[in-house]
S.K.: 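Quick one: the structure is below, questions incoming.
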Amino acid sequence: MTLTLTVSDEVRALAPGFTHIAVEAYDLVNGPSSDGTSALLDDAARRLAARLDGRAPHEDPHMADWRGAYTDFGAKPSRTRNSAEALAKRALTDAGLPRINALVDVYNAISVAHLIPVGGEDLDHIKGAMRLVRATGDEDFVTMAGGERTVEHPDAGEVVWRDDEGVTCRRWNWRQGPRTRLTEQTVNAVFLLEGMGPHAGLDAAAAELVELLEKFSPGARIVVHEPAGGPLR
């Protein structure tokens, strides 16, 4: 199984500073959060606090670049924060970061420690190619509201991740749909590390993510794809 991933010309024109690294991983072992993944999240929060040194997450140069991109496609970044900023705010509270499951804990820890948006998608639930596009407004985004399945539609011009079945993540990396989330049954996944502008530091984050996936899923087959190379493009 090889995933095709594309970024549309319209998105590249909107945000020429956007870059990404995709990490494909097969034969993963997932399960409930553990003492090990919980320790990762606590350490990530400490690393974040040291990086910010008293500043709010949105004052970090990388988060400022993301806020600019959100503003450019019509989102209000103080209301719909990118996933890294939203996680960072939670990490700095007394409640700390949520514990979801082992794989989600791992990529959330990378997101917080490096202050970059990181998402995980279950490859066995992706339909066709994944692409980052500006929405027409007609696409379906299936989510849950009040415990019930509901269908939303993105705003016209909104940046979304989608596949052949519909939108998988709204407002770039703001809200993921439940269809492709990583669950305790996930064995094959793609992790998307997204950067904006010159302050991203994606290479170091991707290297650390691979180390952690190998630690928590010994024997997993992992392939890293740079933005301009390999089967992900």
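No hydrogens, no waters, no symmetry mates; every other heavy atom, side chains included, goes into these values.
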S.K.: Sub-3.5 Å donor-acceptor pair from the side chain of D27 to the main-chain atoms of A220, do we have one?
M.R.: no
S.K.: Might you confirm whether atom CG of D35 has over 12 heavy atoms from other residues, nucleotides or ligands at distances under 6.0 Å?
M.R.: no
S.K.: Checking N82 against N173: is there a side-chain donor and acceptor pair closer than 3.5 Å?
M.R.: no
S.K.: Spell out, as yes or no, whether a donor-acceptor pair under 3.5 Å connects the side chain of T186 to the backbone of N188.
M.R.: no
S.K.: Please evaluate residues F216 and N30 with respect to the criterion side chain to side chain contact (heavy atoms under 4.5 Å, CB included), reporting the C-alpha separation (whole Å), side-chain torsions for both, the decisive distance (0.1 Å), and the verdict.
M.R.: CA-CA 8 Å; F216 287 95; N30 201 9; over 6 Å; no
S.K.: Assess whether atom CZ of R55 is packed by more than 12 heavy atoms of other residues, nucleotides or ligands within 6.0 Å.
M.R.: yes
S.K.: Please evaluate residues M130 and T4 with respect to the criterion side chain to side chain contact (heavy atoms under 4.5 Å, CB included), reporting the C-alpha separation (whole Å), side-chain torsions for both, the decisive distance (0.1 Å), and the verdict.
M.R.: CA-CA 6 Å; M130 285 186 66; T4 298; over 6 Å; no
S.K.: Under 3.5 Å, side chain of D163 to main-chain N/O of E165, donor-acceptor pair present?
M.R.: yes
S.K.: Would you call E208-R47 a salt bridge at under 4.0 Å N-O?
M.R.: yes
S.K.: Give me the atom names and distance for the closest heavy-atom approach of A189 to L182.
M.R.: CB-CD2, 3.8 Å
S.K.: State, yes or no, whether a side-chain contact exists between V151 and F141 at a heavy-atom distance under 4.5 Å.
M.R.: no
S.K.: Considering only heavy atoms from C-beta outward, does the side chain of Y26 approach that of I222 to under 4.5 Å?
M.R.: no
S.K.: Any side-chain heavy atom of S8 within less than 4.5 Å of one from L132?
M.R.: no
S.K.: Give, for atom OG of S83 and atom CH2 of W174, the distance between the pair rounded to the nearest 0.5 Å.
M.R.: 12.0 Å
S.K.: Distance only, no hydrogens: is a donor on one side chain within 3.5 Å (strictly under) of an acceptor on the other, for T180 and D122?
M.R.: no
S.K.: Find out if a path of hydrophobic residues (ILVMFWY) with successive side-chain heavy-atom gaps under 4.5 Å connects V224 to V118.
M.R.: yes
S.K.: When rounded to the nearest 0.5 angstrom, what distance separates CD1 in I126 from CG in D164?
M.R.: 10.0 Å
S.K.: Check V112 against A44 and note the closest heavy-atom contact, atom names and distance.
M.R.: CG1-O, 3.6 Å
S.K.: Please name the pair of heavy atoms, one in W172 and one in A15, separated by the smallest distance, quoted to 0.1 Å.
M.R.: CH2-CB, 3.8 Å
S.K.: Determine which pairs satisfy ring pair (Phe, Tyr, Trp, His ring centres under 6.0 Å) with at least one residue from residues 39-61, sequence neighbours left out, and list them in order.
M.R.: none
S.K.: If you apply the rule side chain to side chain contact (heavy atoms under 4.5 Å, CB included), what do you find for L115 with L48, and how did you get there?
M.R.: CA-CA 7 Å; L115 202 52; L48 172 70; 3.9 Å; yes
S.K.: Quick one: CG on L87 to CG on L41, what's the gap to the nearest 0.5 Å?
M.R.: 9.0 Å
S.K.: M144 versus R149: any side-chain heavy-atom pair under 4.5 Å?
M.R.: yes
S.K.: State yes or no: do L212 and V187 share one hydrophobic cluster built from I, L, V, M, F, W and Y residues joined by side-chain heavy-atom distances below 4.5 Å, directly or via other members?
M.R.: no
S.K.: What is the minimum heavy-atom distance between L202 and H20, and which atoms define it?
M.R.: CD1-CA, 3.8 Å
S.K.: May I ask whether V133 and Y70 are part of the same hydrophobic cluster, defined by side-chain heavy atoms of I, L, V, M, F, W, Y residues being less than 4.5 angstrom apart, directly or through others?
M.R.: no
S.K.: Looking just at side-chain N and O atoms, do R131 and T6 make a donor-acceptor pair shorter than 3.5 Å?
M.R.: no
S.K.: Are V190 and V11 connected into the same hydrophobic cluster when the rule is that any two of I, L, V, M, F, W, Y join if their side-chain heavy atoms are below 4.5 Å apart?
M.R.: yes
S.K.: Should R221 and E214 count as an ion pair when the cut-off is N to O under 4.0 Å?
M.R.: no
S.K.: Are M196 and L192 linked, directly or through other ILVMFWY residues, by side chains that come within less than 4.5 angstrom of each other?
M.R.: yes
S.K.: With distance as the sole test, does R175 use its side chain to make a donor-acceptor pair with the main-chain N or O of C169 at under 3.5 Å?
M.R.: no
S.K.: Name each donor-acceptor pair under 3.5 Å that joins a side chain in residues 153-161 to protein atoms two or more places apart or in another chain, with its distance.
M.R.:
unit_1: H153; atom_1: ND1; unit_2: E139; atom_2: O; d: 2.8
unit_1: D155; atom_1: OD2; unit_2: R171; atom_2: NH2; d: 3.3
unit_1: E158; atom_1: OE1; unit_2: D155; atom_2: N; d: 2.9
unit_1: E158; atom_1: OE1; unit_2: R170; atom_2: NH2; d: 2.7
unit_1: E158; atom_1: OE2; unit_2: R170; atom_2: NE; d: 3.0
unit_1: E158; atom_1: OE2; unit_2: R171; atom_2: N; d: 2.9
unit_1: W161; atom_1: NE1; unit_2: E194; atom_2: OE2; d: 3.0

S.K.: Determine whether a donor-acceptor pair (N or O, by modelled atom type, separation under 3.5 Å) exists between the side chain of S217 and the backbone of V29.
M.R.: yes
S.K.: Just list the side-chain donor-acceptor pairs under 3.5 Å for residues 102-110, sequence neighbours left out, or say none.
M.R.:
unit_1: D105; atom_1: OD1; unit_2: I100; atom_2: N; d: 2.9
unit_1: D105; atom_1: OD2; unit_2: S33; atom_2: OG; d: 2.6
unit_1: D105; atom_1: OD2; unit_2: T37; atom_2: OG1; d: 2.9

S.K.: Using every non-hydrogen atom in the two residues, find where A206 and I21 come nearest and quote the distance to one decimal.
M.R.: CB-CG2, 4.0 Å
S.K.: Looking at every heavy atom in both R99 and S38, which two are closest together, and how far apart are they?
M.R.: NH2-OG, 2.8 Å
S.K.: With a sphere of 6.0 Å drawn around CD of E59, does it hold more than 12 non-hydrogen atoms of other residues, nucleotides or ligands?
M.R.: yes
S.K.: Regarding E85 and R67, does a basic nitrogen lie under 4.0 Å from an acidic carboxylate oxygen?
M.R.: yes
S.K.: Take V23 and L213 through the test side chain to side chain contact (heavy atoms under 4.5 Å, CB included) and record every step on the way to the result.
M.R.: CA-CA 10 Å; V23 178; L213 292 175; 4.2 Å; yes
S.K.: Please say which of Q176, R181, R179 ends up in a side chain to side chain donor-acceptor pair (under 3.5 Å) with E121.
M.R.: Q176
S.K.: How long is the span from the CD1 atom in I116 to the CH2 atom in W66, to the nearest 0.5 Å?
M.R.: 10.0 Å
S.K.: Using side-chain heavy atoms (C-beta onward) and a distance below 4.5 Å, is P57 in contact with L52?
M.R.: yes
